[in-house]
**Q** 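Supplied in structure tokens, the structure appears directly below.
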Amino acid sequence: MLSHPTQVHIRIPSPAKVRRILLVTVGVLLSLSLCSQLVKYGTGHDQVFGIIPLLYVDYEANLPTWYSSVALLIASFVLFLIALSKRSTADKFTFHWFFLSGLFFLLSVDEVATIHECAIEPMRKLIDAQGVLHYAWVIPGGVFVMVIGLIMLRFLIALPARTRNLFLTAGIVFVGGAIGVEMISALHAYSHGEKNLLYSLIITFEEAMEMLGVIILIHASLEYLCASVKSFQIELPLRQEEAT
């Protein structure tokens, strides 16, 4: 048996091109979601052959959910490539890049599995959460964000100014939607319920912020990667039988 390395080339796409594709995709998904809600509340039908559940951004296991999961996975992959390049140069922030990659991978999984929502009922019972805390997962979620911020502070300071500003912008937009606007939707749901058009509009804005935050992060990460690396070459072992 002989072992021969197989070379795998990964060419880094243009950050601007990726950004345009993702923005167009998000625009289409949000427009379809909004139209589905206008149809729902305009006609009184909440299924329409299953099309409305397929398109609405607040439902699970549908087109917007899978897009968000894939976008987070793309962010994780780009961050992973940066981490690999940093490891090859023994950069002191290699761990932080791997950490970010792992974090966005977990966020991608959570987007589909909605693990964070498991904290809602226990937290509600624990503190009798009402109003803006009706979706009580935002309490441990907010603590988690602050802890991550402290862990990554030195890393962020050391980044080039443009990359740091884009990362911070991405974080503010994403967290502003995921927690900030979520608290507004929680207040509305607590007072008026979830089955109304205004709630759907708030949720659409929330999801738009989350999706935009991820796009900014992907663009910033690709831009940072392209500044130092144009393509990756990975060697994988391939076993072949000796010719007899």
Side-chain angles (χ1 to χ4, degrees), residues 7-30 64 66-111 144-181 205-235:
Q7 294 183 343
V8 178
H9 295 272
I10 302 175
R11 187 158 189 83
I12 303 169
S14 163
K17 182 178 180 180
V18 173
R19 184 189 67 232
R20 284 195 300 271
I21 292 172
L22 294 178
L23 285 173
V24 169
T25 303
V26 165
V28 171
L29 289 173
L30 291 175
W66 284 108
Y67 162 79
S68 294
S69 180
V70 169
L72 288 163
L73 195 60
I74 291 171
S76 173
F77 181 66
V78 176
L79 291 165
F80 182 72
L81 291 180
I82 296 174
L84 288 179
S85 69
K86 294 298 181 180
R87 186 176 64 177
S88 67
T89 59
D91 188 273
K92 66 178 181 178
F93 290 112
T94 298
F95 166 80
H96 294 76
W97 289 107
F98 276 118
F99 179 81
L100 276 178
S101 175
L103 175 62
F104 277 88
F105 176 79
L106 292 177
L107 288 174
S108 173
V109 173
D110 180 69
E111 187 67 31
F144 178 75
V145 168
M146 287 189 289
V147 170
I148 295 299
L150 290 173
I151 292 174
M152 304 301 292
L153 184 58
R154 288 179 58 250
F155 164 78
L156 286 170
I157 293 173
L159 287 173
R162 176 174 170 78
T163 305
R164 179 174 62 249
N165 292 337
L166 286 174
F167 272 28
L168 288 173
T169 301
I172 291 170
V173 173
F174 183 85
V175 175
I179 294 182
V181 182
F205 182 61
E206 173 189 329
E207 294 295 330
M209 288 185 67
E210 291 183 31
M211 291 176 176
L212 180 59
V214 175
I215 291 175
I216 295 171
L217 177 72
I218 291 172
H219 174 81
S221 300
L222 279 173
E223 196 175 69
Y224 182 85
L225 187 59
C226 287
S228 55
V229 181
K230 297 300 180 185
S231 66
F232 276 91
Q233 180 175 300
I234 303 173
E235 290 191 352

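Any value given below was found using the heavy atoms of this structure, including those in side chains, with hydrogens, waters and symmetry copies removed.
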**Q** With the side chain counted from C-beta on, respond yes when F174 and I216 share a heavy-atom pair under 4.5 Å apart, and no when they do not.
**A** no

**Q** Around F105, counting heavy atoms of other residues, nucleotides and ligands shown, do more than 12 lie under 6.0 Å from its CZ?
**A** no

**Q** Picking from V173, L22, L30, what satisfies side chain to side chain contact (heavy atoms under 4.5 Å, CB included) with L212?
**A** V173

**Q** Which atom names give the shortest non-hydrogen contact between M211 and P64, and what distance separates them?
**A** CE-O, 4.1 Å

**Q** Can you name the closest pair of heavy atoms from A71 and V214 and give their distance?
**A** O-CG1, 3.8 Å

**Q** So, taking the atom named CD in E210 and the one named CD1 in I179, what distance separates them when rounded to the nearest 0.5 Å?
**A** 9.5 Å

**Q** Give me the atom names and distance for the closest heavy-atom approach of I218 to I74.
**A** CD1-CG2, 4.0 Å

**Q** Counting only heavy atoms not in F93, do more than 12 fall under 6.0 Å of its CZ?
**A** yes

**Q** To the nearest 0.5 Å, what is the distance between OG (S221) and CH2 (W97)?
**A** 6.0 Å

**Q** Can you name the closest pair of heavy atoms from A170 and G213 and give their distance?
**A** CB-O, 3.3 Å

**Q** Are the side chain of T25 and the backbone of I21 linked by a donor-acceptor contact shorter than 3.5 Å?
**A** yes

**Q** If you measure from CG on L222 to SG on C226, what distance do you get to the nearest 0.5 Å?
**A** 6.0 Å

**Q** Run the side-chain contact (heavy atoms from CB on, under 4.5 Å) test on L159 and L156 for me, step by step, so that the C-alpha distance in whole Å, both residues' side-chain angles and the decisive distance to 0.1 Å come before the verdict.
**A** CA-CA 5 Å; L159 287 173; L156 286 170; 3.9 Å; yes

**Q** Taking only residues two or more places apart in sequence, or in another chain, which ones meet R162 in a salt bridge (Lys or Arg N to Asp or Glu O under 4.0 Å)?
**A** E223

**Q** Check the pair F167, M152 against side-chain contact (heavy atoms from CB on, under 4.5 Å), reporting the backbone distance first and the verdict last.
**A** CA-CA 11 Å; F167 272 28; M152 304 301 292; over 6 Å; no

**Q** Compare every heavy atom of K86 with every heavy atom of Y224, then report the nearest pair and how far apart it is.
**A** OH-NZ, 2.7 Å

**Q** Parallel, tilted or perpendicular: which fits the ring planes of F155 and H96, with parallel below 30° and perpendicular above 60°?
**A** parallel

**Q** Find the distance between CG (L100) and CG (L107) and round it off to the nearest 0.5 Å.
**A** 10.0 Å

**Q** Within a 6.0 Å radius of atom CZ on F80, are there more than 12 heavy atoms belonging to other residues, nucleotides or ligands?
**A** no

**Q** Could you tell me whether a side-chain N or O of T94 sits under 3.5 Å from a main-chain N or O of A83, the two making a donor and an acceptor?
**A** no

**Q** With rounding to the nearest 0.5 Å, note down the distance linking CD1 in I215 to CG in L23.
**A** 4.5 Å

**Q** Got a donor-acceptor contact below 3.5 angstrom from the N165 side chain to the A161 backbone?
**A** yes

**Q** Which value, rounded to the nearest 0.5 Å, describes the distance between F77 atom CZ and I82 atom CD1?
**A** 11.0 Å

**Q** Could you tell me whether a side-chain N or O of S69 sits under 3.5 Å from a main-chain N or O of S108, the two making a donor and an acceptor?
**A** yes

